[in-house]
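Comments concern the structure below.
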Amino acid sequence: LESQSWFWDDRDIFRSVANYFSFDGRPIQAIVSYRVPKKRIDYKNVAITLVDISDRKQALKALVENQELLKEAQSIAHMGNWELDPKTMKAVWSEEIFSMFGMDVTDDVGPACLETLLHEGDRECVMESLKTALQGGKHHMEYRVIRPDNGIVRWIECQAVQKYDDKGKILKIRGVVQDITNRKETEQKLIFLKEESERSESKFKSITEQATEGITVADMDGNYSFVN
């Protein structure tokens, strides 16, 4: 016996969770149980049960570690997962979604909550898409949310799939969301630069076409790329 903790249940049964070593030296964790005798004479015969829970504890430890890895991966990728119950219209969000949307993990969430976060320009189409998903349709959108904690607008990409029972009824809708704000900002910058370039090119052509002098553009090898 290496260490142990113990407790009583409501049936006067003593239970001990302890770390033992088997005869071959292998460490095991087990639950030891026995009923406390009502009379002193009963101590002569006490039935003791021992259940090896080593595998269960290892599985639980692995599950906790995997959950921590998932949280870390979602945080790095700015991605989260969610699940919606069509009956109650209540949702379960991963911690990263709460962080992404600027909300507290204790807040009640679902379509009604999401609607309050949506940018006015995206609200109607997103809610319509969710209704379509509840009827078995596709749900894949890019939209804006306004964080309630600081008022900052974030761009979100969302995809979802339905989980059906054996009768073809939707049991759950599960999806993932990713913060794509940086990508959207880059796209907008590229669009702006392209438009600026086109305006500059148009202005250059307008000036050269109205000029009375001949204007040419050539490289060092004498290859002309523009002649007015």
Derivation of the salt bridge (Lys or Arg N to Asp or Glu O under 4.0 Å) call for Lys189 and Glu185:
CA-CA 6 Å; Lys189 288 178 182 178; Glu185 289 177 349; 5.7 Å; no
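- Residues Asp149 and Arg147 are paired through a salt bridge, judged by an N-O separation under 4.0 Å between the basic side chain and the carboxylate.
- The side chain to side chain donor-acceptor pair (under 3.5 Å) test with Glu83 singles out one residue from Lys163, Arg174, Lys90, and that residue is Arg174.
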Run the salt bridge (Lys or Arg N to Asp or Glu O under 4.0 Å) check on Arg123 and Glu120 step by step: do they pass?
CA-CA 5 Å; Arg123 187 177 298 128; Glu120 184 178 358; 5.6 Å; no
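- When all heavy atoms of Gln188 and Trp155 are compared, the closest pair comes out as NE2-NE1, 4.0 Å.
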Assess the residue pair Lys138 and Gln159 against the criterion (side chain to side chain contact (heavy atoms under 4.5 Å, CB included)); give the C-alpha distance rounded to whole Å, side-chain angles, the decisive distance to 0.1 Å, and a yes or no.
CA-CA 8 Å; Lys138 182 180 179 181; Gln159 299 185 64; over 6 Å; no
Residue pair Val145, Leu118: steps toward the side chain to side chain contact (heavy atoms under 4.5 Å, CB included) verdict
CA-CA 4 Å; Val145 296; Leu118 290 169; 4.2 Å; yes
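- Grouping the Ile, Leu, Val, Met, Phe, Trp and Tyr side chains by contacts below 4.5 angstrom, directly or via other members, places Trp82 with Met127.
- Scanning all heavy atoms of the two residues, the minimum distance from Ser94 to Gly80 falls at OG-CA, 3.3 Å.
- Ile97 and Val176 are assigned to two separate hydrophobic clusters, defined by single-linkage of ILVMFWY side chains at heavy-atom distances under 4.5 Å.
- Considering only heavy atoms from C-beta on, Ser129 stays 4.5 Å or farther from Tyr143 through its side chain.
- Around the CD atom of Glu187, the shell of radius 6.0 Å holds more than 12 heavy atoms that belong to other residues, nucleotides or ligands.
- A donor-acceptor distance shorter than 3.5 angstrom exists from the side chain of Gln162 to the backbone of Gly137, with no hydrogens or angles considered.
- Closest heavy-atom contact between Gly136 and Ile170: N-CD1, 3.7 Å.
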Go through Gln178 and Arg183 one step at a time and tell me if the side chain to side chain contact (heavy atoms under 4.5 Å, CB included) criterion holds.
CA-CA 11 Å; Gln178 184 172 21; Arg183 190 187 83 192; over 6 Å; no
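- The closest donor-acceptor contact from the side chain of Thr181 to the backbone of Arg154 lies at 3.5 Å or more, if one exists at all.
- Rounded to the nearest 0.5 angstrom, Ile156 CD1 and Ile180 CD1 are separated by 7.5 Å.
- The side-chain heavy atoms of Lys184 and Arg144, taken from C-beta on, include no pair separated by under 4.5 Å.
- Residues Tyr164 and Leu84 are members of one and the same hydrophobic cluster, defined by side-chain heavy-atom contacts under 4.5 angstrom among Ile, Leu, Val, Met, Phe, Trp and Tyr.
- Across every non-hydrogen atom of Leu130 and Pro111, the tightest pair is CD1-CB, 4.4 Å.
- The two atoms that bring Leu171 and Pro86 nearest to each other are O-CD, 3.1 Å, heavy atoms only.
- At distances below 3.5 Å, at least one donor-acceptor pair connects side-chain atoms of Thr186 with backbone N or O atoms of Asn182.
- To the nearest 0.5 Å, atoms CG (Asp122) and CG (Leu117) are separated by 12.5 Å.
- The ring pair (Phe, Tyr, Trp, His ring centres under 6.0 Å) test applied to Phe98 returns Trp93, not counting sequence neighbours.
- Cluster membership for Val126 and Met89, using ILVMFWY side-chain heavy atoms within less than 4.5 angstrom, is shared.
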Counting only pairs under 3.5 Å, give me each side-chain donor-acceptor contact of residues 100-109, with atom names and distances, residues two or more places apart or in other chains.
| unit_1 | atom_1 | unit_2 | atom_2 | d |
| --- | --- | --- | --- | --- |
| Asp104 | OD1 | Thr106 | N | 2.9 |
| Asp104 | OD1 | Thr106 | OG1 | 2.5 |
| Asp107 | OD2 | Asp104 | N | 3.1 |

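- Of all heavy-atom pairs spanning Ile173 and Ala160, the tightest one is CG2-CB, 3.9 Å.
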